[in-house]
Amino acid sequence: MTRAWSPESWRELPAAQQPDWGDPGALDLALKELRNQPPLVFAGEARALKAALGAASRGEAFVLQAGECAESFDNLSADSIRDQLKIILQMAVVLTYASGLPIVKVGRIAGQFAKPRSSANELVGGLELPAFRGHMVNDIDFDPVSRRANPKRLLRAYHQSASTLNLLRAFTKGGFADLNKVHMWNQEFVAASPQGRRYEDIANAIDRALRFMAACGINLTSDVSLHQVDFYTCHEALILGFEEALTRQDSLTGDWYDCSAHLLWAGERTRQAGGAHIEFLSGLKNPVACKLGPKATPAEVLELCERLDPDGEAGRLTFIARMGAKAVREALPPLVRAIRDSGRPVLWVCDPMHGNTFTTAAGVKTRRFEDIVAEIKGFFAVHELEGTFPGGVHLELTADEVTECLGGGDDILDNQLVASYRSLCDPRLNGNQSLELAFELGELLQAWAAPVRSE
Ligand code: TRP
Ligand code: MN
């Protein structure tokens, strides 16, 4: 590659999924203001995440990447951020306890404001308007004003990300995430369910283990690892002007970091090796990821490695497979084999959400809990066969009692989906379904870890 990388070098290449911002003056103004804002995350934190992902690529940790499909400007409250963190902490406890592995916690939060769309416009009752592209771009209501892309939204996305991160940092470092608080993370409606009771058993066991260690004379107050968690943020690097404006040169190393989040990924629709998104990600020092659908070929995947991780640096590159429950056992093995045989230290994460979306007869977009579990099981089975490590999961969820995905312990039915469907975009697992999934995952991980332990 002779072309030199710079934060704006993507501009010379075809960029898929960029909105038509209309007035270029207004866009330039917004980007200029963004360039003057402080970074949201710091290079040292991105390096710490890269090291944690590197450990996961070697089978020494497991990644829990989870959060909203699309964050909303209308839903910025301390309660909603706290609840989102709560459910992720609960799941992390279940996974840590089951697997005996450190769980790398990465939220789809504090920046997940832009959505790729299959068509640029939407036609409703004879009226054609631009598609909703996430609150960073436009609004969801179907009228010409709401759907117009508005560059001022880029700034609002920045400020909401800053407020969200501020609260997340307080919660994760200021006592809320303390292991002594395991009981507190169980929300009322979850606590009353079978999953909630199963969680309470683990929480009680952790209490006992902590008391046991204290009785043995271990000083549990002095060790911060019991009282804090490292919580990282990620989102799809979709709107490249925004990401470019938050890309800064690290004063310590001279390297470039996109300081809008710790980890950035390219979607299935924007991962062309010769496209603008991959060009942009290629020059960053952050850990980066790329989604892979069932049509991805071994040659494409190896080319992405070459573009995104030419040096084979552990933790730098994650592939997020979103194959669908039916396709995963056929589509994934050739890709896993190609990477394994190339000797590259890539981390494999399973997104069991996006390949399992369908629309019901009543026109509601949904996913079946059973399909989500089936894809994860297929993902684990493929890695077991190929001798590689199933390094993590990527989920869309909320702690709330929504009815967006079918099935699970509560057995949400077709006709119940309308009861509480609040997602701006894709259907999310609710609190109960999320916890139930954590138990399923815990069992898979336990089976994985068992032979290693008995050696
Ligand atoms: N710091 C450790 C970790 O993140 C232990 C820990 C503290 C923890 N609070 C937690 C683990 C909450 C899971 C959930 O793994
Ligand atoms: Mn989604």
Side-chain angles (χ1 to χ4, degrees), residues 17 48-49 52 55-56 60-72 82 84-109 112-118 132-134 168 171-186 199 202-203 205-207 209-210 213 220-232 234-236 238 265 267-270 291 293 320 322 324 351-358 365-367 372 394-398 404-405 423-429 434-435 438 441-442:
Q17 297 284 340
L49 174 59
E60 297 160 9
F62 187 79
V63 178
L64 175 61
Q65 193 179 15
E68 292 286 336
C69 175
E71 285 176 274
S72 166
R82 187 202 55 211
Q84 190 75 333
L85 181 65
K86 264 187 189 174
I87 187 70
I88 295 176
L89 291 177
Q90 277 192 286
M91 295 175 79
V93 160
V94 170
L95 295 176
T96 312
Y97 193 77
S99 68
L101 288 173
I103 304 301
V104 186
K105 303 153 197 79
V106 192
R108 273 180 75 117
I109 196 167
Q112 177 53 31
F113 289 108
K115 304 305 302 168
R117 301 317 302 250
S118 43
F132 172 58
R133 288 184 180 274
L168 285 171
F171 282 144
T172 53
K173 302 293 177 190
F176 181 82
D178 193 315
L179 266 186
N180 292 300
K181 303 251 160 73
V182 272
H183 295 281
M184 231 188 60
W185 307 326
N186 214 351
Y199 173 82
I202 294 185
I206 289 173
D207 282 346
L210 291 175
M213 287 190 285
L220 300 182
T221 35
S222 65
D223 193 342
V224 292
S225 64
L226 289 175
H227 311 299
Q228 302 186 353
V229 296
D230 291 329
F231 190 84
Y232 300 99
C234 67
H235 61 256
E236 177 170 357
L238 187 70
W265 78 81
E268 168 73 357
R269 296 179 195 148
T270 51
K291 294 265 187 126
I320 307 170
R322 28 95 68 235
D351 166 0
M353 313 300 293
H354 289 90
N356 295 312
T357 318
F358 67 98
K365 206 186 199 190
T366 189
R367 295 160 173 156
I372 292 167
H394 179 117
L395 306 169
E396 290 183 343
L397 53 78
T398 170
E404 297 173 6
C405 290
S423 178
L424 273 187
C425 194
D426 292 339
R428 303 159 297 174
L429 297 167
S434 301
L435 202 52
L441 261 170

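Residue numbers count from 1 along this sequence. In each ligand, atom 1 is the first atom listed, and ligand 1 is the first ligand listed.
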the protein heavy atom lying closest to atom 2 (C) of ligand 1 turns out to be Ser225 O, 3.3 Å
Please name the atom of Asp426, limited to N, O or S, that comes nearest to the Mn ion (ligand 2). OD2
Near the Mn ion (ligand 2), is there an N/O/S atom from Cys425 that is less than 2.8 Å away? no
Yes or no: does Lys105 have any heavy atom under 4.0 Å from an atom of ligand 1? yes
Any side-chain heavy-atom pair of Met91 and Ile103 under 4.5 Å: no
Could you check whether any heavy atom of Pro102 sits closer than 4.0 Å to an atom of ligand 1, since that is the contact criterion I want to use? no
Does the distance from a Lys or Arg side-chain N to an Asp or Glu carboxylate O, for Asp426 and Arg367, drop under 4.0 Å? yes
State if Trp185 counts as touching ligand 1 under the rule of any non-hydrogen atom under 4.0 Å. yes
Here the N/O/S atom of Glu396 closest to the Mn ion (ligand 2) would be OE2
Heavy-atom distance under 4.5 Å between the side chains of Cys405 and Arg428, does that happen here? no
Locate the shortest heavy-atom distance separating Phe171 from Phe176; write the atom from each residue and the value. O-CB, 3.2 Å
Between Thr366 and Glu404 (side chain of the first, backbone of the second, donor and acceptor by atom type, cut-off under 3.5 Å), is there such a pair? yes
What is the closest protein heavy atom to atom 14 (C) of ligand 1, and at what distance does it sit? Val93 CG2, 3.5 Å
Is it true that a side-chain atom of Arg269 and a backbone atom of Pro116 form a donor plus acceptor pair closer than 3.5 Å? yes
Side chain, backbone, both or neither: which applies to Gln228 and ligand 1 if a contact is any heavy-atom pair less than 4.0 Å apart? backbone
The answer for which part of Val182 has a heavy atom under 4.0 Å from ligand 1 is neither
Is there any N or O on Asp230 that sits under 3.5 Å from an N or O of ligand 1? no
For Val229, the atoms of ligand 1 under 4.0 Å from one of its heavy atoms are 4 (O), 6 (C), 7 (C), 8 (C), 9 (N), 10 (C), 12 (C)
Using a strict threshold of under 4.0 Å (side-chain N to carboxylate O), is an ion pair present between Lys173 and Asp178? no
How long is the straight-line distance from CD of Glu236 back to NZ of Lys115, given to the nearest 0.5 Å? 6.5 Å
Numbering the atoms of ligand 1 from 1, which are under 4.0 Å from a heavy atom of Ala177? 7 (C), 9 (N), 10 (C), 12 (C)
Using a 4.5 Å cut-off on heavy atoms from C-beta on, say whether the side chain of Arg133 contacts that of Leu238. no
Tell me whether ligand 1 is touched by Leu89 - counting only heavy atoms on the residue side and a distance under 4.0 Å. yes
